[in-house]
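Take a look at the structure set out below.
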Number of protein chains: 2
Amino acid sequence: MATTHRPPTLEDVALAAGVSRATASRVLAGTGYASPAARERVNVAADRLGYAPNPAARALVQGTGFRLVVAVTGTAATVLDDPYVHRVLGACARVCAPHGLGVALHWLPTRSPGEVRRLAADRSVGGVVLINTTEGVLDAIPARLRGRVASIGIGSALVPAFDVDNGGGTEAVVRHLYATGRRRIAMVTGPRWLSCAGRSVGAYRRIVRDAALPERLVPGDFSADRGRAAAREVLERWPDTDAIVGSSDATALGVIDLLRGDGVQVPGDVAVTGFDDIPLAAMTTPALTTATHPVTQIATAAATAVLDRRPVPPATMFPSRLVRRVSG
Amino acid sequence: MATTHRPPTLEDVALAAGVSRATASRVLAGTGYASPAARERVNVAADRLGYAPNPAARALVQGTGFRLVVAVTGTAATVLDDPYVHRVLGACARVCAPHGLGVALHWLPTRSPGEVRRLAADRSVGGVVLINTTEGVLDAIPARLRGRVASIGIGSALVPAFDVDNGGGTEAVVRHLYATGRRRIAMVTGPRWLSCAGRSVGAYRRIVRDAALPERLVPGDFSADRGRAAAREVLERWPDTDAIVGSSDATALGVIDLLRGDGVQVPGDVAVTGFDDIPLAAMTTPALTTATHPVTQIATAAATAVLDRRPVPPATMFPSRLVRRVSG
DNA sequence: TTGTACGCGTTATCAA
DNA sequence: TTGATAACGCGTACAA
């Protein structure tokens, strides 16, 4: 009873089942031949002993890795401080837990897409989940990683995509503004290099064009500070604007802050919408009208695809759903 | 050039340095004897080859683990969805990265403190960072984990604590309210089982007693919903209250929401303060007066203590600093 | 269908 | 001070 409780090894299981380690391994890994009888005995023994394979040993022999790396593309390492990234990391961690794997966080500089090769060369890396990735990064991914990479955002022939229907979401938001009487709708865009942001801009342009509304675009970068600056720019260039579409909730909050500071009523004078539905979008005053995205679900799906190594469709789209609150 | 780029192993380094694997290991691990000459040659070779030890192999032979587990105590697994937890996870991940380790997320049920033993038994666990831990959990930690556990919150003889000076922070907040003329100050507490919340309550009681103010305590649980309910309770029991101290920012936002819904001016009629300074506390209207905490720094310190295995003081306190904004 | 034997990269033990 | 060598737990050719 006082003996140190060494976790059961494959050897223990094999011994208890009366077979060789090799047979036990084949049964548990589900690969190779094994008689039904042996199969049964091994499974029972493993269950009884509470056997769990040692990921370190497995990683060592297979060179398969024991870490799932969440790799974030961005211009600076500060992208790793983003709450959204942390949320994805958390979801991945929960998927990894039952496999005995850990997760890691890695910055992929926008300017040197080849950096991803270093990840691929690291034998301790079991898989990679890409965030905010670019085509440059996707192109640099070596074939060796095939089946062990997934992207939250755009994908490629090698990399399955798990993405939000940004275009659809933006469309829903803009249509909603139109439906509630707004006719001079401006948009604060996301960073130019991010293609998912491009889809939002595309949707916006399409709708205003079809409805013969003026196109009013101001560059942004998802930050609240830039939102403030953008709002000022909008006010100066087009004083009659009656709605501003933010490309992120932080952007929208920055916009609202500046507007109210200038005595502009929200949503009375100008409606403002966000994008993403961060936890506090519901708590602000006025509560933010925005589009909500199943971030945890998406991250879970991406991580699962990487860990299961089963064939997945090249692109899985997740809905972006309008959340009507007060601001717009 | 087309050869697959196998990462350098210890063997490669030893070969390049003209010594045996054993010597190279001793030099690189910093343990055991080695002549200055050999030391030099090995280090140079390792640098040139860009050698990094394979954590899987190391974990296998030492049984030391390749994952840092962030273990969160709470009544339900949903505590793992908390943005604060994710932030700690992110900080730990950044500390782990250079060591080639991954991080994992684990729920420790409040009701069964012994659960932590399962973590200790898992050989793949290199270390544990505790969040919101209880004395029950601390007591259940086996000695085997000594030096590989750190706690963000309370500690024990075995477990060094990395904590925010909650008492000091709450004191600063309440004193600030007093200094700005508030005399009937209520407090919405945190969950009872969390001892760090207890320190805040203690600080509050001490101050109101010393200043001969009425003590007005309402139980909370850090959530915005509970904040709303608590605010209603305060309004009913003590209608002349002129300040409400929230034990978290979410609580404060819930309080503000209900107050404004009832036509109570914030901070005109009632001042409201939060605690933690979450990213959006600065963006709400009115912007939240709160206490800010270096969460990332704290998590980094805790993770570093676990990974470095160097002796650390039993308790390291981090300051809680008042942030004066608009709400109080 | 099963078992033997080797290798994965590292650390630890021991003899030289 | 150094270098063989034996583990660590697992997967897998290869032989039986």
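Computation of the quantities below employed the complete heavy-atom set of this structure, encompassing side-chain atoms and omitting hydrogens, waters and symmetry-equivalent molecules.
Between R58(B) and dT11(C) there is a side-chain N or O to OP1 or OP2 distance below 4.0 Å. Using a 4.0 Å cut-off, some side-chain N or O of Q62(A) falls inside it from OP1 or OP2 of dT12(D).
Annotation: side chain of V79(B) is not in contact with side chain of V85(B) (no heavy-atom distance under 4.5 Å). W107(A) has its side chain out of reach of V72(A): every pair of non-hydrogen atoms, C-beta onward, lies at least 4.5 Å apart. In this structure, D276(B) and H293(B) have side chains that are in contact, with non-hydrogen atoms separated by less than 4.5 Å. Contact annotation: the side chain of V70(B) never approaches that of H86(B) to less than 4.5 Å [non-hydrogen atoms, C-beta and beyond]. Side-chain atoms of L138(A) and L130(A), non-hydrogen and from C-beta on, do get closer than 4.5 Å to each other.
Atom-to-atom, OH of Y33(B) to P of dC14(C) comes out at 15 Å; the value is rounded to the nearest Å. Rounded to an integer number of Å, the gap from CG of L28(B) to P of dG9(C) is 16 Å. Separating the CG atom of N54(A) from the P atom of dC8(C) is a distance of 18 Å, rounded to the nearest angstrom. Summarising the geometry, the separation between CG on L49(B) and P on dG9(C) is reported as 14 Å, rounded to the nearest angstrom. Nucleotide dT2(C) holds its C1' atom 13 Å from the CZ atom of R39(A), rounded to whole Å. Atom CG of L60(B) and atom C1' of dG11(D) are 13 Å apart (whole Å).
Each of V149(B), I141(B), V116(B) was compared with V128(B) under the side chain to side chain contact (heavy atoms under 4.5 Å, CB included) criterion, and only V149(B) meets it. A side chain to side chain contact (heavy atoms under 4.5 Å, CB included) with V27(A) is found for exactly one of V42(A), V19(A), V13(A), namely V42(A).
Across all strands shown, A56(A) has no heavy atoms under 4.0 Å from either base or sugar-phosphate atoms. In this structure, A38(B) reaches the sugar-phosphate backbone alone: every heavy-atom distance under 4.0 Å involves primed, P, OP1 or OP2 atoms, never a base. Among the heavy atoms of the strands, none lies under 4.0 Å from A59(B).
Taking a 4.0 Å limit (strictly below) on heavy-atom distances, residues 8-27 of chain A reaches DNA chain C at V19(A), S20(A), R21(A), A22(A), T23(A), R26(A).
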